[in-house]
Amino acid sequence: MGISHRIKMPKFKSVLVTGGAGYIGSHCVVDLLNAGYDVIAIDNFANAVCDDEGSPALRRAEQITGKKIAFYKADLLDKPQINDIFDKHDVDCVIHFAALKAVGESMQQPLLYYQNNLLGMLNLLEVMRSHNCYQMVFSSSCTVYGEPEKLPITEAHPTGSITNVYGRTKYFIEEMLKDLSAADEKWNIISLRYFNPVGAHPSGLIGEDPTKEFSNLMPYMSQVALGKKPVLTIFGNDYNTPDGTGIRDYIHVMDLASGHVAALKVLSDAHGRLKVYNLGTGRGVSVKELVDVFQRVTNTNIPIKYVERRLGDITAMWADATLAKEELGWTAQHTIEEMCTDFWRWQTMNPDGYAKKQKTTFIAVNGKS
Ligand code: UDP
């Protein structure tokens with residue numbers, strides 16, 4: 001795996017993960033358990049699969065690691081419920097993933113996004129403070145940069161010129177965290193600005209399985225490769241890029257997970273500050289390139305059709321990830337080929353995601369009962 005942050009025992013013992021049953025949350029939980037942390041996970045299943053026994057993703061995370069997770073179905077808008085969970089557990093640090101994240105939906109339902117993402121965060125911070133827990137890693141996004149003035153993009157790039165409501169919730173929260181850490185030096189906060197997370201755990205046991213309609217490139221492309229969707233529409237081939245398609249910095253979800261473990265180690269030594277880091281590979285890949293690599297490594301054929309640019313899309317965005325390397329000791333390890341192979345393994349082992357009827361198939365594939 002090449003992940004270098006697993007050996008030393010952490011200074012924090014217990015980490016509460018909001019949105020733990022989701023795509024990035026569940027992969028991060030695996031890495032936290034492997035690194036020796038006790039994990040308390042909460043999720044309201046707004047965009048994660050839930051069955052009679054709770055979260056299939058988290059049960060599989062337990063299967064991968066051989067460790068137990070304390071899980072609660074809980075909503076950050078229900079402050080008393082969050083308070084009860086903090087009463088029950090001695091939480092050293094919070095990793096806050098839980099948020100609504102669909103750009104299109106955020107434009108149609110701005111109040112829903114502001115209420116869920118901003119109020120959820122306010123409730124969480126207040127409950128943390130009342131339980132003397134002042135350490136947080138926040139799940140932010142490169143979307144806070146808006147259209148890049150210069151590439152690769154560093155953390156010093158201006159933020160706030162954002163074209164969608166989802167992105168603005170991330171930006172407003174970062175501003176809130178700035179004010180909070182300036183007002184009270186007890187807070188130690190790291191905001192991680194993710195580029196484009198893709199891939200899945202190499203076991204094929206956990207992966208991306210949104211319950212809401214999705215439009216991200218890799219899940220959509222693999223649905224086309226599976227024959228579940230007829231064609232991949234590529235949004236624009238007239239961009240000012242070498243092949244005319246948009247460029248992004250795709251990062252393997254396990255690299256993203258290890259970035260959180262690296263952040264926790266630094267956070268436990270920090271004193272009263274907010275730090276912001278890009279989590280990306282530092283390499284830009286076009287839509288066309290990603291589709292070509294995916295077809296090659298998965299030996300599939302993906303019919304494509306070029307259509308108009310998608311509203312609000314930017315031309316190109318990739319990270320300067322030097323700061324995370326220097327200060328967190330973290331760099332992304334996985335190649336584009338691994339991102340595609342691991343995503344495809346997850347998809348083919350679980351063509352219907354975590355749906356119950358697939359469990360038998362999945363168990364048979366692995367020869368376990
Ligand atoms: N994209 C595409 N077809 C799709 C989905 C996405 O051409 O069905 C392109 C999109 O225009 C962008 C890139 O793929 O250039 C990544 O889009 P995604 O929605 O995955 O992430 P974003 O960068 O928008 O957050």
Side-chain angles (χ1 to χ4, degrees), residues 22-24 47 97 99-107 113 117 139-148 151-153 159 161-171 192-200 207-210 212-253 256 278-295 300 302-319 336 339-340 343-344 347:
Y23 171 45
I24 301 172
N47 194 24
F97 294 106
L100 296 175
K101 60 166 191 175
V103 171
E105 185 183 59
S106 77
M107 301 303 282
Y113 272 67
N117 294 2
S139 163
S140 188
S141 164
C142 66
T143 191
V144 299
Y145 295 121
E147 186 77 45
L151 287 164
I153 207 153
T159 57
S161 303
I162 305 154
T163 52
N164 66 78
V165 172
Y166 155 73
R168 265 194 288 280
T169 67
K170 294 290 177 191
Y171 168 70
L192 297 176
R193 293 177 180 159
Y194 310 155
F195 281 68
N196 285 58
V198 294
E208 186 167 13
D209 186 15
K212 288 189 173 183
E213 198 50 43
F214 58 89
S215 62
N216 290 114
L217 180 58
M218 191 169 283
Y220 202 94
M221 173 163 70
S222 70
Q223 293 280 301
V224 177
L226 275 177
K228 292 189 156 203
K229 296 197 192 293
V231 64
L232 173 71
T233 48
I234 295 186
F235 301 132
N237 61 350
D238 56 352
Y239 282 108
N240 185 20
T241 62
D243 66 18
T245 66
I247 291 180
R248 298 288 182 275
D249 185 340
Y250 297 95
I251 172 170
H252 197 295
V253 66
L256 208 60
N278 286 340
L279 291 187
T281 63
R283 181 174 166 226
V285 172
S286 76
V287 175
K288 185 76 179 56
E289 276 179 89
L290 189 68
V291 175
D292 288 346
V293 173
F294 192 92
Q295 291 185 112
T300 55
I302 300 175
I304 59 171
K305 187 174 127 201
Y306 291 105
V307 297
E308 292 291 293
R309 295 180 180 193
R310 186 169 64 180
L311 205 66
D313 267 358
I314 54 163
T315 303
M317 169 83 95
W318 67 91
I336 288 286
M339 299 176 206
C340 295
F343 197 90
W344 186 237
Q347 279 281 266

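Just follow the structure's listing: the first ligand is 1, and inside any ligand the first atom is 1. For clarity, every value in this text was computed on a predicted model and none was experimentally measured.
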Taking atom 12 (C) of ligand 1 as the reference point, the nearest protein heavy atom with its distance: Arg248 NH2, 3.6 Å

Which residue holds the protein heavy atom closest to atom 5 (C) of ligand 1, what is that atom called, and what is the gap in Å? Ser215 O, 3.2 Å

What residue and atom, counting heavy atoms only, is the protein's closest point to atom 7 (O) of ligand 1, and at what distance? Phe235 N, 2.9 Å

Quick one: nearest non-hydrogen protein atom to atom 18 (P) of ligand 1, plus distance? Asn216 ND2, 3.4 Å

Between Tyr166 and ligand 1, find which residue part has any heavy-atom pair under 4.0 Å and reply side chain, backbone, both or neither. neither

Report yes or no: does Tyr113 contribute a side-chain atom to a donor-acceptor pair with the main-chain N or O of Val103 at less than 3.5 Å? no

Given that the side chain starts at C-beta and the backbone is N, CA, C, O, which of these parts of Val103 lies under 4.0 Å from ligand 1, counting heavy atoms, or is it both or neither? neither

Is the Phe97 ring parallel, tilted or perpendicular to the Tyr194 ring (thresholds 30°, 60°)? tilted

Sort out for me which residue in Val293, Asp292, Leu290 forms a side-chain contact (heavy atoms from CB on, under 4.5 Å) with Val285. Leu290

Please confirm whether the backbone N or O of Gly280 pairs with a side-chain atom of Arg193, one donor and one acceptor, at under 3.5 Å? no

In terms of its nearest heavy atom to atom 25 (O) of ligand 1, the top option of Val231, Asn196, Thr315 is Asn196

Mind checking whether Leu232 contacts ligand 1 via backbone (N, CA, C, O), side chain (CB onward), both or neither, at a 4.0 Å heavy-atom cut-off? side chain

With only distance considered, is Gly246 within less than 3.5 Å of ligand 1 through an N or O on each side? no

Quick check: does Tyr220 get an N/O under 3.5 Å from an N/O on ligand 1? no

Is the distance between the ring centroids of Phe195 and Trp318 less than 6.0 Å? no

Just checking, is any N or O donor in the side chain of Tyr250 or Thr281 under 3.5 Å from an acceptor N or O on the other one? no

Just to be sure I read this right, does ligand 1 sit under 4.0 Å from the backbone of Asp313, its side chain, both, or neither, counting only heavy atoms? side chain

Can you see whether Asn216 engages Tyr23 through a side-chain donor-acceptor pair at a distance of less than 3.5 angstrom? no

Answer whether the closest heavy-atom distance between the side chains of Leu100 and Asn47 falls below 4.5 Å. no

Val287 neighbourhood, listing ligand 1 atoms whose heavy-atom distance to it stays under 4.0 Å: 7 (O), 9 (C), 13 (C), 14 (O), 15 (O)

Between Asn164 and Ser106 (side chain of the first, backbone of the second, donor and acceptor by atom type, cut-off under 3.5 Å), is there such a pair? no

So Gln295 and Cys340, do their side chains get closer than 4.5 Å, heavy atoms only? no

With only distance considered, is Leu217 within less than 3.5 Å of ligand 1 through an N or O on each side? yes

In terms of atom number and element, which parts of ligand 1 are under 4.0 angstrom from non-hydrogen atoms of Thr233? 2 (C), 3 (N), 4 (C), 7 (O), 8 (O)

Proximal atoms of ligand 1 relative to Tyr250 (non-hydrogen, under 4.0 Å): 13 (C), 14 (O), 16 (C)

Against ligand 1, does Phe195 come closer than 4.0 Å with any heavy atom? no

Report, in ascending order of atom number, the atoms of ligand 1 lying under 4.0 Å from any heavy atom of Arg310. 10 (C), 17 (O), 18 (P), 19 (O), 24 (O)

Side chains of Glu105 and Tyr166 only: does a donor on one sit below 3.5 Å from an acceptor on the other? no

